[in-house]
Amino acid sequence: MAKKYWLFKSEPNAYSIYDMEKDKTTFWDGVRNYQARNFIRDDMKKGDQVLFYHSNAKPNAVAGICEIIKEGYPDFTAFDPDNKHFDPKSKTDEPAWFMVDIKFIKKFKNAVTLEEIKNNTKLKNTRLVQRGNRLSVFPIKKAEFDEIVKMSK
DNA sequence: GCCAACGTTGGC
DNA sequence: GCCAACGTTGGC
């Protein structure tokens with residue numbers, strides 16, 4: 001199975017690439033959208049590459065690269081009433097929500113801003129620049145991943 | 001099953 | 001802070 005490529009959004013106020021660099025690895029909890037859940041549960045494989053994107057940031061930008069190190073498993077934060085991601089719909093014997101673990105690979109020397117991405121015609125089909133895109137994790141093409149990495153240099 | 005109301009996301 | 005987009009909820 002060929003390696004796949006993903007984009008994960010995070011608000012740096014909540015969790016940034018700097019936190020990621022410090023932590024080395026993290027679990028990607030709190031995804032509460034079914035389409036995103038399906039990507040996490042069904043399609044993400046160990047070794048897949050992840051672009052780490054800062055949303056609601058100054059500026060909005062792809063900030064670095066991570067890698068999936070643990071495939072989809074139940075998001076335990078959904079089971080904990082004290083957790084802000086608690087969801088009573090999710091049961092331990094029938095989990096509604098899933099997460100993966102990722103590890104830090106690198107922080108871009110130059111973060112690739114949303115503006116730069118919008119101005120690059122090679123990237124005009126990524127979900128990132130499409131209207132009303134609210135998915136917090138989604139697949140991107142290898143060519144698009146490579147192009148963004150190139151722009152960070 | 002429809003759809004209005006509501007909450008959240010996320011760019012600007 | 002505003003607002004468009006869109007997912008979810010709940011009344012009917």
Side-chain angles (χ1 to χ4, degrees), chain A residues 4-23 26-44 48-68 71-102 104-141 143-152:
Chain A
K4 289 191 291 299
Y5 299 86
W6 304 94
L7 187 142
F8 284 22
K9 285 183 198 166
S10 184
E11 301 197 14
N13 289 340
Y15 196 83
S16 73
I17 192 79
Y18 302 100
D19 299 314
M20 188 75 234
E21 182 176 35
K22 180 159 51 73
D23 292 346
T26 193
F27 51 87
W28 203 257
D29 65 319
V31 173
R32 297 291 179 267
N33 168 285
Y34 288 104
Q35 205 182 341
R37 187 278 310 270
N38 293 344
F39 288 138
I40 290 174
R41 187 189 58 189
D42 305 332
D43 296 334
M44 292 183 187
D48 287 358
Q49 302 295 112
V50 173
L51 291 176
F52 194 110
Y53 177 76
H54 286 164
S55 64
N56 280 318
K58 290 177 185 172
N60 296 322
V62 177
I65 300 174
C66 297
E67 180 178 318
I68 291 173
E71 297 176 9
Y73 62 105
D75 180 343
F76 53 80
T77 66
F79 306 139
D80 176 3
D82 295 328
N83 193 288
K84 69 172 177 175
H85 298 305
F86 174 63
D87 182 354
K89 284 199 303 293
S90 192
K91 309 282 168 41
T92 47
D93 57 348
E94 204 181 333
W97 305 117
F98 287 75
M99 58 187 176
V100 291
D101 288 358
I102 60 174
F104 176 81
I105 300 290
K106 72 178 294 186
K107 183 153 53 67
F108 283 157
K109 189 173 296 175
N110 301 298
V112 181
T113 64
L114 183 59
E115 190 184 5
E116 291 169 326
I117 289 169
K118 281 183 169 173
N119 289 336
N120 187 329
T121 53
K122 289 180 190 165
L123 298 173
K124 68 173 189 294
N125 291 322
T126 67
R127 291 187 195 229
L128 198 56
V129 298
Q130 283 166 9
R131 208 164 59 124
N133 166 42
R134 296 171 62 210
L135 268 185
S136 61
V137 307
F138 55 84
I140 66 168
K141 295 192 179 71
E144 295 164 345
F145 180 94
D146 291 343
E147 181 66 17
I148 289 172
V149 170
K150 205 170 94 188
M151 290 163 75
S152 74

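Everything numeric in this text was worked out from a predicted model, so none of it was measured. Chain A is the first sequence line, chain B the second, and so forth, proteins listed ahead of strands; every chain is numbered from 1.
- Inter-axis angle, ends of the helix from dG1(B)-dC12(C) to dC12(B)-dG1(C), five pairs per end, rounded to 10 degrees: 10°.
- Contacts between residues 132-139 of chain A and DNA chain C, defined by a heavy-atom separation under 4.0 Å, are made by G132(A), R134(A).
- With sequence neighbours left out, the side-chain hydrogen bond (donor to acceptor under 3.5 Å, both in side chains) criterion links D146(A) to K142(A).
- In the 5' to 3' direction, nucleotides of DNA chain C lying under 4.0 Å from heavy atoms of chain A begin and end at dA5(C) to dT9(C).
- Under the rule for a side-chain hydrogen bond (donor to acceptor under 3.5 Å, both in side chains), the partners of D19(A) that lie at least two apart in sequence or sit in another chain are S16(A).
- Considering only residues two or more places apart in sequence or on other chains, D87(A) meets the side-chain hydrogen bond (donor to acceptor under 3.5 Å, both in side chains) condition with K89(A), W97(A).
- Within 4.0 Å (heavy atoms only), K58(A) reaches no atom of the nucleic acid at all.
- With sequence neighbours left out, F27(A) forms a ring-ring contact (aromatic ring centres under 6.0 Å, His included) with F76(A).
- By the ring-ring contact (aromatic ring centres under 6.0 Å, His included) test, F145(A) is found to be paired with Y5(A), residues two or more places apart in sequence or in another chain being considered.
- Shown here are the ring-ring contact (aromatic ring centres under 6.0 Å, His included) partners of F104(A), two or more places apart in sequence or in another chain: there are none.
- Shown here are the salt bridge (Lys or Arg N to Asp or Glu O under 4.0 Å) partners of R32(A), two or more places apart in sequence or in another chain: D75(A).
- For the residue pair Y18(A) and D23(A), no side-chain donor N or O sits within less than 3.5 Å of a side-chain acceptor on the partner.
- Screening residues 117-138 of chain A for salt bridge (charged side-chain N to carboxylate O under 4.0 Å, His left out), with sequence neighbours left out, gives K122(A)-E147(A).
- By the ring-ring contact (aromatic ring centres under 6.0 Å, His included) test, F98(A) is found to be paired with no residue, residues two or more places apart in sequence or in another chain being considered.
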